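Being a predicted model, the structure only gives us computed values, none of them experimental.
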Amino acid sequence: MTQIASDNVENPDVPSAVFESLDPRTGEVVGRYPVDDAAAVQTAVDSVRAAQHAWGDLGFAGRKQHLDRWRALLLRRFEELAGVVCAETGKPLDDARLELALVVDHLHWAAANAEKVLRRRKVSSGLLMANHAATVEHQPFGVVGVIGPWNYPVFTPMGSIAYALAAGNAVVFKPSELTPGVGRWLVDSFAEAVPEHPVLRLATGFGETGAALCRSGADKIAFTGSTATGKRVMATCAETLTPVLVECGGKDALIVDTDADLQAAADAALWGAMSNAGQTCIGVERVYVAEPVADRFLDMIGERARTLRPGGEPGADLGPITMPSQVDVIREHIDGALRSGGRALVGGTDSVRPPFVEPVVLTDVDENADAVAEETFGPVVVVQRVRDADEGVRLANTSEYGLGAAVFSRSRGEQLARQLRVGMVAVNSVIAFAAVPALPFGGVGNSGFGRIHGAEGLREFTRPQSVTRTKFRIPLNPMSFSRPKSTVRHVVRLLRIFRGR
Ligand code: NDP
């Protein structure tokens with residue numbers, strides 16, 4: 001992600017800056033990509049806009065056929081894409097495969113369900129308009145700009161791309177500067193599977209390229225990334241009143257009740273906290289465990305955490321920290337937690353050995369410490385003792401974030417889940433909701449707003465159009481200058497009779 005030269009690698013006749021994408025495990029250069037400026041972004045938006053009409057005209061069944069072809073291609077070249085993900089993020093091969101498996105299922109769901117969710121449907125025309133037929137149809141916006149992060153460089157943007165395309169939109173995708181090769185692969189594979197409809201294009205570069213996409217006249221921006229950038233994206237989109245979907249970070253909590261299956265809870269907490277080296281927006285960053293079972297839970301999670309090893313080999317338990325600057329944030333959170341009186345049950349400040357961080361389990365940390373309040377985005381979990389699960393819920397809800405959460409309880413799982421101020425909860429598991437395509441995905445508060453996935457995720461990329469059609473004329477038409485004086489009085493009388501009870 002260093003800007004290096006001013007040769008356009010795609011078209012040597014058009015000079016522009018290029019940047020390098022690096023393998024975070026080794027620092028090796030894995031690709032060079034153009035830094036697209038505002039003019040290049042505009043060209044991409046204009047070209048997909050021209051192609052969008054034919055894509056929209058295909059209808060749901062036609063688009064499904066094409067998206068199914070793309071899905072089949074993704075499955076055929078699954079290992080190749082997993083390799084690109086590993087090279088740019090450093091994550092272990094099986095983690096990359098798991099990410100792609102979820103993507104394939106989401107792409108299938110979006111294509112298979114778009115018609116049912118979005119097609120024109122009749123609605124009741126109500127008492128006053130009984131002589132009209134009323135319908136609502138969800139029409140595509142046109143062009144959707146998708147701005148994605150690096151941590152799940154396929155799964156996260158595809159939560160917008162697949163659903164936006166299924167709804168009939170064209171898309172310009174701006175991947176993170178750390179994972180442009182993954183973006184390139186996705187866009188090229190779509191072009192290979194669906195050559196007759198060039199409705200997915202790439203814009204690579206840094207934050208300015210993303211900002212140019214926000215200003216390009218795209219009809220909606222779907223942003224996934226940090227809360228700070230989300231606010232900047234919103235401010236830019238406000239200039240043109242461009243609607244925006246904002247999926248930001250989280251500080252997800254896991255609640256362990258006294259009657260929980262403790263082995264399962266410890267296993268899930270550890271996986272939720274450490275998989276992808278903790279670089280998961282819905283990763284477990286805090287655990288609130290009820291006092292009567294806290295010692296046993298801490299023993300279990302500590303014992304298992306000590307066996308996990310980070311590394312660059314495909315079979316490592318966790319990979320490197322992909323974004324070098326995050327290492328300092330992780331170190332500061334651990335230091336701050338220990339300074340505030342917290343204890344390190346596993347690891348500590350010495351666990352930070354860039355580009356890797358060994359698992360760290362902290363406990364008894366001040367609730368105001370950054371390790372409890374801010375997104376750490378590393379293999380660090382804070383386990384706090386609480387009187388009972390209800391106190392755990394109360395503390396979980398003090399966060400300014402509200403993305404996901406998990407509850408382990410045999411008797412009260414769903415009851416506790418409903419009290420959590422978050423967009424998604426897994427009961428007796430972690431992260432499960434992200435793998436259910438029919439479930440909307442998104443948060444509240446500093447975690448953003450709007451939803452990807454599910455029916456809500458399809459509707460997110462459409463604007464409802466409402467239509468009324470006069471079925472027959474009635475003598476009592478109040479919406480005419482030629483209405484008799486008594487008409488409105490009759491309408492009010494009718495209202496009193498039928499709506500006055
Ligand atoms: P960033 O916020 O740094 O970047 C996200 C994207 O925004 C990148 O493509 C970035 O480009 C681009 N960008 C940066 N500045 C601007 C700007 N001014 N205008 C428009 N676009 C801009 O996030 P990360 O890539 O570091 O991703 C990690 C974050 O993403 C974490 O906070 C994580 O929790 C969150 N996340 C949220 C998810 C969710 O669904 N809620 C899912 C996955 C991650 P560039 O990379 O070139 O700077």
Side-chain angles (χ1 to χ4, degrees), residues 1 3 16-17 19 33-53 56 138-150 156-157 159-161 163-165 167-180 183 187 199-249 281 400-403 442-452 456-457 459-465:
M1 40 89 203
Q3 185 160 332
S16 77
F19 68 106
Y33 299 89
V35 180
D36 285 329
D37 59 11
V41 170
Q42 196 62 55
T43 303
V45 169
D46 292 347
S47 88
V48 297
R49 191 179 292 289
Q52 187 268 329
H53 298 288
H138 285 81
Q139 300 181 340
F141 276 107
V143 177
V144 174
V146 174
I147 301 175
W150 47 265
T156 294
S160 294
I161 295 170
Y163 288 73
L165 289 173
N169 297 281
V171 172
V172 173
F173 173 34
K174 151 68 179 84
S176 162
E177 69 199 53
L178 301 181
T179 53
V187 169
V199 287
L200 177 61
R201 277 197 58 170
L202 189 71
T204 51
F206 302 98
E208 298 76 48
T209 305
L213 186 53
C214 298
R215 293 195 175 100
S216 65
D219 304 290
K220 178 151 188 170
I221 295 294
F223 166 82
T224 308
S226 62
T227 304
T229 311
K231 289 178 184 176
R232 281 198 286 277
V233 165
M234 254 187 103
T236 311
C237 288
E239 293 167 14
T240 46
L241 220 58
T242 303
V244 55
L245 159 72
V246 185
E247 297 281 358
C248 297
C281 56
E400 291 184 345
Y401 294 99
L403 194 54
V444 300
N446 276 356
S447 295
F449 53 84
R451 293 294 182 265
I452 55 171
E456 285 81 356
R459 288 192 202 105
E460 192 74 44
F461 296 107
T462 62
R463 49 187 169 79
Q465 190 191 52

K.L.:
Drop me the distance from Ile147's CD1 to Thr156's OG1, to the nearest 0.5 angstrom.
P.N.:
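Taking CD1 in Ile147 and OG1 in Thr156, the distance rounds to 14.0 Å.
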K.L.:
With a 3.5 Å distance limit and no angle check, can you tell me whether Gln52 reaches the backbone of Val199 through a side-chain donor-acceptor pair?
P.N.:
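No, the answer is negative, given that no donor and acceptor are paired below the 3.5 Å cut-off.
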K.L.:
Taking all heavy atoms of Val244 and all of Met234, pick out the closest pair and write down the distance.
P.N.:
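Nearest heavy atoms, Val244 then Met234: CG1-CG, 3.8 Å.
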K.L.:
Do Thr204 and Thr209 have side-chain heavy atoms sitting under 4.5 Å apart?
P.N.:
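Thr204 does not reach Thr209 side chain to side chain.
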K.L.:
Please name all residues satisfying side-chain hydrogen bond (donor to acceptor under 3.5 Å, both in side chains) with Gln42, sequence neighbours left out, ordered by chain then number.
P.N.:
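Gln42: side-chain hydrogen bond (donor to acceptor under 3.5 Å, both in side chains) contacts with Asp46.
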K.L.:
How far apart are the closest heavy atoms of Val41 and Ser216, and which atoms are they?
P.N.:
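So the two residues come closest at CG1-CB, 4.2 Å.
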K.L.:
Measure the shortest side-chain to side-chain distance between Val246 and Val233 over non-hydrogen atoms and say whether it is less than 4.5 angstrom.
P.N.:
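Val246 does not reach Val233 side chain to side chain.
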K.L.:
Working to the nearest 0.5 Å, report the span between NZ of Lys174 and CG of Asp36.
P.N.:
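Answer rounded to 0.5 Å: 9.5 Å.
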K.L.:
Can you name the closest pair of heavy atoms from Gly159 and Phe461 and give their distance?
P.N.:
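Distance-wise, the nearest heavy atoms are O-CE1, 4.4 Å.
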K.L.:
If we only count heavy atoms from C-beta on, is the Cys237 to Phe223 side-chain gap below 4.5 Å?
P.N.:
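Result no, sub-4.5 Å side-chain heavy-atom pair not found.
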K.L.:
Donor-acceptor pair, distance only, cut-off 3.5 Å: does the side chain of Thr227 make one with the backbone of Asn446?
P.N.:
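Yes, Thr227 side chain to Asn446 backbone: donor-acceptor pair under 3.5 Å.
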K.L.:
For the backbone of Val143 and the side chain of Asn169, can you confirm whether one donor and one acceptor N or O come within less than 3.5 Å of each other?
P.N.:
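Looks like no, no N/O pair under 3.5 Å.
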K.L.:
I need the minimum non-hydrogen distance between Glu177 and Phe19, along with the two atoms involved.
P.N.:
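Shortest heavy-atom separation between Glu177 and Phe19 comes out as O-CE1, 3.3 Å.
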K.L.:
Can you give me the closest heavy-atom contact between Ile452 and Ser160, atom names plus distance?
P.N.:
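Scanning both residues completely, I find the closest heavy atoms to be CG2-OG, 3.5 Å.
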K.L.:
What closest approach, in Å, do Gly249 and Tyr401 show between heavy atoms, and which atom pair accounts for it?
P.N.:
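So the two residues come closest at O-CD2, 3.3 Å.
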K.L.:
Verify, without hydrogens or angle tests, whether Ser447 (side chain) and Cys248 (backbone) share a donor-acceptor contact under 3.5 angstrom.
P.N.:
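No: the side chain of Ser447 does not pair with the backbone of Cys248.
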K.L.:
Could you measure the distance from the NE2 atom of His138 to the CD atom of Gln465? Nearest 0.5 Å is fine.
P.N.:
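Here the interatomic distance stands at 11.0 Å.
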K.L.:
Rounded to the nearest 0.5 Å, what separates atom CZ in Arg215 from atom CD1 in Ile221?
P.N.:
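Output value for this atom pair is 11.0 Å.
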K.L.:
Side chains of Tyr163 and Glu460: closer than 4.5 Å at any heavy-atom pair?
P.N.:
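No, their side chains stay 4.5 Å or more apart.
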K.L.:
How many angstroms lie between atom CZ of Phe449 and atom CG of Leu245, to the nearest 0.5 angstrom?
P.N.:
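So the CZ of Phe449 and the CG of Leu245 are separated by 8.0 Å.
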K.L.:
Just jot down the side-chain hydrogen bond (donor to acceptor under 3.5 Å, both in side chains) partners of Arg49, sequence neighbours excluded, or say none.
P.N.:
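In terms of side-chain hydrogen bond (donor to acceptor under 3.5 Å, both in side chains), with neighbours along the sequence ignored, Arg49 is linked to Asp219.
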K.L.:
With a 4.5 Å heavy-atom cut-off, do Val45 and Leu213 have their side chains touching?
P.N.:
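When only atoms from C-beta onward are counted, Leu213 and Val45 do touch, with a gap below 4.5 Å.
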